[in-house]
Amino acid sequence: MSKCINNSDNKSLKKNITLNSLGYSPFFEKRRRESGLEDFGIGRVIAEHKGRYRVMTEQGEFDAEIVGSMRYSAESRSDFPAVGDWVSVTEFGESNMLIHAIIGRKTVLSRKAVGRRGEEQIIATNIDKSFIVQAIDRDFSINRIERYMAICREAGVEPVAILNKTDLIEKEEADRLLARVKARLGDISVILFSNNNGCGLKDLQSHITANKTYCLLGSSGVGKSTLINTLSGKNVMRTGEIGEIGEGTGRGKHVTTHRQLVILEGGGLLIDNPGMREIGMTDLDQGLELTFDIISEVAEECRFSDCTHTGEAGCAVIEAVEDGDISEDSYENFLKMVREKEHYESTVAEKRRRGKSFAKMVKQVKKVKENRRR
Ligand SMILES: Nc1nc2c(ncn2[C@@H]2O[C@H](COP(=O)(O)OP(=O)(O)OP(=O)(O)O)[C@@H](O)[C@H]2O)c(=O)[nH]1
Ligand SMILES: [Zn+2]
């Protein structure tokens, strides 16, 4: 394995990093003891790239990989470490670490993987609150905020919406936008923000406390990196990199990726995520209901208990849309999310079925071969 550790960085961190300052709490300590992991060291995954990890411990930062037994016993992607995870580690060689186990997670933010049908992908774990970032210009979409909200609520993570780049519009226009978002989304905190003129900074900072973990969700170009710089002041914590060894040969091209967990000046921890153009829905029943609590409340009045709210007689939801009690946008977004969820569930079921029949086929082939040998 190539060494990609900047050791001077390591030393400078040694002095002031404690597990507590990385977000460790009695919750995780309890989980660690319950799992009998007391003999291992503790670290937090701050970056992940193609199966290689960057882990921060009280001793500094290390490149890390998982032990073989963990790899072989993993049944799905969620059994692998993700950014935000607390992990049990041992030192390995001079400056590397081995990850032996994931310490029980507090929260898991996940979405359906882009381009991989039906597979769930963890965005980040152990998040206390998430900031949904949108730019008021080209990216703006209340539907998208609503989808991110559903992802957060499904994970039990409080969402806060940040409407960025307000310097590009007049104050009156920004206020109108804020009113529209509030009317649609109800009791979510919404911050009018700008990286250019300091608008909303105090408001945002009031949401951030030391030793808690936050996450930025939003499409590419909405201003997440700039926002991290605005919040992190001196920008000292963004130097870490993960080196990637060229596949196949063991050497060759060397790609790097940025640290994804940043310590802010006030002590809050922020996880930056890759731009997410497509957000799929996973097991979102709960999130759906929380986001559209009005719809589900009204739906109790539908004549049929299995009403799909798409045209049945006596549908209270459609009635409420017609009366203007539920906005058409909300209703359409609701239907779209239900459809995506159904699609997701059916592709997962399909995959399981295919998985089973493949296993069956392998068995049969083996049998035929054995019979031939006899
Ligand atoms: N006018 C204006 N431009 C901004 C603001 N914040 C960021 N930008 C600009 O928007 C562009 C994208 O900003 P980034 O911070 O790179 O966006 P990002 O969300 O990190 O994008 P990815 O790294 O692709 O995920 C840059 O040109 C920024 O200078 C803002 O508050 N106002
Ligand atoms: Zn109905």
Side-chain angles (χ1 to χ4, degrees), residues 47 49 83 111 114 123-124 130-141 144-145 148 161-171 173-174 177-178 190-205 214-233 235 237-238 241 256-262 264 270-279 288-289 292-323 325-326 328 330-332 334-335 337-339:
H49 188 67
V83 176
R111 61 168 166 154
V114 176
I123 299 167
S130 77
F131 298 113
I132 300 168
V133 188
Q134 288 228 328
I136 47 80
D137 53 354
R138 59 194 172 86
D139 177 64
F140 191 74
S141 149
R144 196 177 298 117
I145 300 180
Y148 280 119
I162 296 178
L163 308 185
N164 189 29
K165 307 196 189 181
T166 54
D167 55 283
L168 296 175
I169 54 172
E170 296 297 325
K171 187 174 180 309
E173 203 184 327
L177 211 57
L178 181 68
V190 186
I191 302 173
L192 290 175
F193 195 85
S194 167
N195 282 301
N196 287 4
N197 64 18
C199 168
L201 184 58
K202 281 230 166 70
D203 198 359
L204 175 57
Q205 278 166 338
Y214 305 87
C215 155
L216 290 181
L217 300 172
S219 318
S220 181
V222 297
K224 297 185 300 301
S225 308
T226 317
L227 180 68
I228 290 178
N229 288 341
T230 305
L231 282 172
S232 59
N235 198 14
M237 301 299 294
R238 282 189 73 79
E241 290 174 340
T256 58
T257 186
H258 278 290
R259 174 192 322 215
Q260 290 147 323
L261 189 145
V262 180
L264 303 176
L270 194 60
I271 294 180
D272 181 17
N273 296 294
M276 295 189 292
R277 249 166 252 128
E278 263 182 74
I279 314 166
L288 266 179
E289 281 188 17
F292 301 101
D293 39 6
I294 307 172
I295 291 183
S296 35
E297 210 180 292
V298 171
E300 305 210 334
E301 307 294 317
C302 292
R303 186 180 303 161
F304 305 110
S305 61
D306 61 350
C307 185
T308 62
H309 324 304
T310 51
E312 289 93 336
C315 173
V317 173
I318 289 178
E319 210 171 280
V321 174
E322 280 167 358
D323 292 348
D325 294 335
I326 293 173
E328 267 179 47
S330 262
Y331 172 68
E332 263 159 32
F334 173 80
L335 292 183
M337 286 171 81
V338 170
R339 275 198 303 273

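Just follow the structure's listing: the first ligand is 1, and inside any ligand the first atom is 1. None of the values given here were measured: they were computed from a predicted structure.
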> Can you give me the closest heavy-atom contact between Ile318 and Gly311, atom names plus distance?
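Shortest heavy-atom separation between Ile318 and Gly311 comes out as CD1-N, 3.2 Å.
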
> Quick one: does Ser194 get within less than 4.0 Å of ligand 1, heavy atoms only?
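True for this residue.
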
> With 2.8 Å as the threshold, which protein atoms of type N, O or S lie near the Zn ion (ligand 2)? Leave waters out.
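Sorted hits: Cys302 SG, Cys307 SG, His309 ND1, Cys315 SG.
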
> Restricting to non-hydrogen atoms, name the atom on Gln134 and the atom on Ser141 that form the minimum distance, rounded to 0.1 Å.
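Looking at all heavy atoms of both residues, the closest pair is OE1-N, 2.9 Å.
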
> Check each atom of ligand 1 against the heavy atoms of Leu168 and keep those under 4.0 Å away; list them by number with element.
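Taking each heavy atom of Leu168 in turn, ligand 1 has 1 (N) under 4.0 Å.
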
> How close do Leu216 and Lys224 get, heavy atom to heavy atom, and via which atoms?
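That would be CD1-O, 3.7 Å.
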
> Any atoms of ligand 1 less than 4.0 Å from a non-hydrogen atom of Ser225? List them with their elements.
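Selected atoms, number and element: 15 (O), 18 (P), 20 (O), 23 (O).
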
> Which is closest to atom 1 (N) of ligand 1 in terms of heavy atoms, Asn197, Asp167, Val222?
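Checking each option, the heavy atom nearest atom 1 (N) of ligand 1 is found in Asp167.
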
> Are any non-hydrogen side-chain atoms of Ile162 and Val222 less than 4.5 angstrom apart?
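When only atoms from C-beta onward are counted, Val222 and Ile162 do not touch, as no gap falls below 4.5 Å.
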
> Considering only heavy atoms, does Asn164 approach ligand 1 within less than 4.0 Å through its side chain, its backbone, both, or neither?
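Side chain only.
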
> Identify the heavy atoms of His309 and Val317 that sit nearest to each other, and give their distance.
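In terms of heavy atoms, the two residues are closest at ND1-CG2, 3.6 Å.
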
> With side chain to side chain contact (heavy atoms under 4.5 Å, CB included) as the test, pick out the partner of Asn195 among Thr230, Asn229, Leu201.
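The single option meeting the side chain to side chain contact (heavy atoms under 4.5 Å, CB included) with Asn195 is Thr230.
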
> Among Leu217, Leu204, Leu227, exactly one meets side chain to side chain contact (heavy atoms under 4.5 Å, CB included) together with Phe131. Which residue is that?
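Considering Leu217, Leu204, Leu227, a side chain to side chain contact (heavy atoms under 4.5 Å, CB included) with Phe131 is found only for Leu204.
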
> By the side chain to side chain donor-acceptor pair (under 3.5 Å) test, which pairs, at least two apart or in different chains, include something from residues 312-322?
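Found Thr308-Glu312.
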
> What part of Asn195 sits under 4.0 Å from ligand 1 if we count only heavy atoms: the side chain, the backbone, both or neither?
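The part of Asn195 near ligand 1 is both the backbone and the side chain.
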
> Search all heavy atoms of Leu231 against all heavy atoms of Gln205 and return the closest pair with its distance.
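Minimum heavy-atom separation between Leu231 and Gln205: CD2-CG, 4.1 Å.
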
> Measuring from atom 13 (O) of ligand 1, which candidate in Gly223, Gly198, Gly200, Cys199 has the nearest non-hydrogen atom?
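Considering heavy atoms of Gly223, Gly198, Gly200, Cys199, the nearest to atom 13 (O) of ligand 1 sits in Gly223.
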
> Minimum distance, heavy atoms only, to atom 28 (C) of ligand 1: which one of Thr226, Thr230, Asn229 is it?
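When every heavy atom of Thr226, Thr230, Asn229 is considered, Thr226 comes closest to atom 28 (C) of ligand 1.
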
> Go through the steps for Phe140 and Leu163 under the test side-chain contact (heavy atoms from CB on, under 4.5 Å), then give the verdict.
CA-CA 8 Å; Phe140 191 74; Leu163 308 185; 3.8 Å; yes

